[in-house]
Each structure stands twice: as structure tokens, then as C-alpha cells.
Amino acid sequence: MTAICLVGIGKIAVDQHVPAINGSDDWELAATVSRAGTVDGVQAFTDFDQMLAERPDIPVVSLCLPPVPRYLYAAKAIAAGRHVMLEKPPGATMAEVHALVGMAKDAGVTLYTTWHSRMADGVAPAKAWLADKTITGAHINWKEDVRRWHPGQNWVFEPGGMGVFDPGINALSIITEILPQPMHLQSAELLFPENCDTPIAARMQWSGDVTGDFDWRQEGPQSWDITVETTAGQLGLIDGGSRLQIVGADVLVGGLGEYPSLYARMAELVKSGTSDVDLMPMVHVADALTLGRRVTTEPFHL
Ligand code: NAP
């Protein structure tokens, strides 16, 4: 087993990272770093530098902080010769992730920009089915209730928090994985509440007749669905990629689950001395913020 340190013991660390690490034969959760959070039975640091200095025996660090503070932690970890796993989105800007790629290469350590939704059970079979199809269009319908899923997480509406693209980038990570051809943004409309620095909803149009509706104000039933139209019929990825339908019929899919798959992949990368970095989902978010028409809407409070 390889010792790993988890940094930022908040919602996703508790919900997904800790169970995935504890359920894996590859990893031993050897330490945590968080100002407030801890994990029972695991050595807890509140200071990252202290952990790096006192635990040189931990070769891998997994960063579950929000994107804005994450870069500094990643840069320090790489400088200390540790392999680094980044929650999504991999950074607050693309340039800082490019900088981390160079640092990791120079230091000879692994950098993994994880995209958990790409590990959803339906994604790999969807990609395989679409590989030789002629795509005529696709639609993303990604609508959830931010108050339900991100209670008290005000950083999502602060600069770098990405707003509705915090969940929306999961859809972008899936569609950029499954479509056999690349797509580029042609237009976007972004709704910014007048008291927020990030959008709460977005409507997007890409090349190849790919469209997307993202909304963080959805009460009642939640939607995390992608449909792809082909000359051989429609493919549907439902519930964040966990369910797959091809030409109207459910396809039985199975797998390790999203976070266990991410940690299995990280184990492979460390073992083979390689990195896995893909910024394409973030490119589409950056393009939306570059090209999108901004519409101001009523104030929103979590
Ligand atoms: P969170 O609970 O708000 O934050 C995670 C932890 O990061 C906090 O508990 C906090 O720990 C630490 N932190 C926050 N701001 C910090 C700062 N400025 N400096 C240092 N540490 C700070 O967020 P989360 O929902 O877990 O999300 C974290 C990342 O995971 C995001 O990039 C998000 O997109 C991704 N993610 C979230 C979900 C989800 O459902 N929530 C799902 C998938 C991926 P301390 O205060 O104890 O230091």
C-alpha cells in the first residue's frame, strides 16, 4: 500500500475521497491537512508545510480544496517531490495548471487532473459505441439546486468559483471524452445574479449542433443528462453518466464507481511514472466566459 495525504477535509473529501481510499488495496490514508476537518484515526495537520516536513514517507498528496487555493498547495507538494492528484476543476486558471505540468515534469513526479464524471459507469461504453458513428448533434441538460448540493459554500459564487460551471464542467468532461470529434463554442448566454461574480445559469451552442443548458436554480427533480444524436439513433447518458441508453434501450453498465476508479488510475500513474493532464473541459468554461453574452439577473443567496 502507498501512503497518501488528503488535503481539504470538506464535503467531497468526506463523501467520496475517504471511502474510496479506505476501500482500496492500493492506498493507506496516512495523514490529513485541513484547518477544521479531520478523519478518525488519521494523523491530522492544520499546516501543509508541517506535514511535508514531518512526513517525508508520504509520497502522494490528493488536493480536495476549492480551485482558488489549490495551486499553492500543488506547487509546494511538487517542490517537495510528491505526486499530486487534483480535484476538478484542476485550477482557477489554465495557466497555473500549465505551470504545474512543467514543475511536475522537472521534478519527475506524477500530476493527475482528475475528472470524476468521466469515471461514471456509462461513459466508457458510450465512448466505445460513438467511436464509429456519425454524430448529427448533442444536448447537455445539467440542472440542479445549488442550495441543496452546496450549502454554505460561498466560494462557488466568488471569483474562480466557476458558478454553475462547477457542476457543469462535469458534463463538459463527459462530452469531451465521448464525442469522436472536437467541438468549439459558437455562442453562449450567461446569467449572473447581480450580487455574484460567477454565473448561475448558462445556455451554450457549440459547433456540430451541440447545445447545453446549465442551471443552478433547479428545484424538484434534478437533471444531469446528455443525449447524442447519430445516424444510427440516439444515445443517452443519464444521471451524470451512471445510466446508459442506446436507441431507447437500457444498457447494463458496471464498474468500480467514480472515485474508486480515480484512485485506481492514480495508482497506475504513480507506478508507471506518468502524468494524466487534460484541460479541455476547462477550455470550454473559459471560452464561455470569453465569448458569452452576460445578462444580469436578480440577486441570489445560498
Ligand atoms: P468545500 O467543502 O467547501 O471545501 C473543501 C475544504 O477545503 C474545506 O473543508 C476547507 O477545509 C478547505 N478550504 C476551503 N477554502 C480554503 C482556503 N481558502 N484555503 C485552504 N483551504 C480551504 O468544497 P467541496 O465541495 O469539498 O469541493 C472541493 C472541490 O471538490 C471543488 O473543486 C469541487 O468542485 C470539487 N467537487 C465537489 C463536489 C461536491 O459535491 N461538493 C463533487 C465533486 C467535486 P478547512 O477549512 O478545514 O481547511
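Any value given below was found using the heavy atoms of this structure, including those in side chains, with hydrogens, waters and symmetry copies removed. Indexing begins at 1, ligand by ligand and atom by atom, following the structure's order.
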Q) Are the side chains of Trp149 and Asp166 in touch, meaning some heavy atoms are under 4.5 Å apart? A) no
Q | Protein residues having a heavy atom less than 4.0 Å from any atom of ligand 1 | A | Gly8, Ile9, Gly10, Lys11, Ile12, Ser34, Arg35, Ala36, Gly37, Cys64, Leu65, Pro66, Pro67, Pro69, Arg70, Tyr73, Glu87, Lys88, Pro89, His116, His150, Gln153, Trp155, Asp166, Tyr259
Under a 3.5 Å threshold, yes or no: a donor from one side chain and an acceptor from the other, between [X] and [Y]?
{"X": "Thr176", "Y": "Arg118", "answer": "yes"}
{"X": "Gln186", "Y": "Trp206", "answer": "no"}
{"X": "Thr93", "Y": "Tyr71", "answer": "no"}

Q.
Under the ring pair (Phe, Tyr, Trp, His ring centres under 6.0 Å) definition, can you give me all pairs with a residue in residues 88-116, not counting sequence neighbours?
A. His116-Tyr259
Q | Minimum heavy-atom distance Ala13-Pro19, with the two atoms named | A | O-CD, 4.2 Å
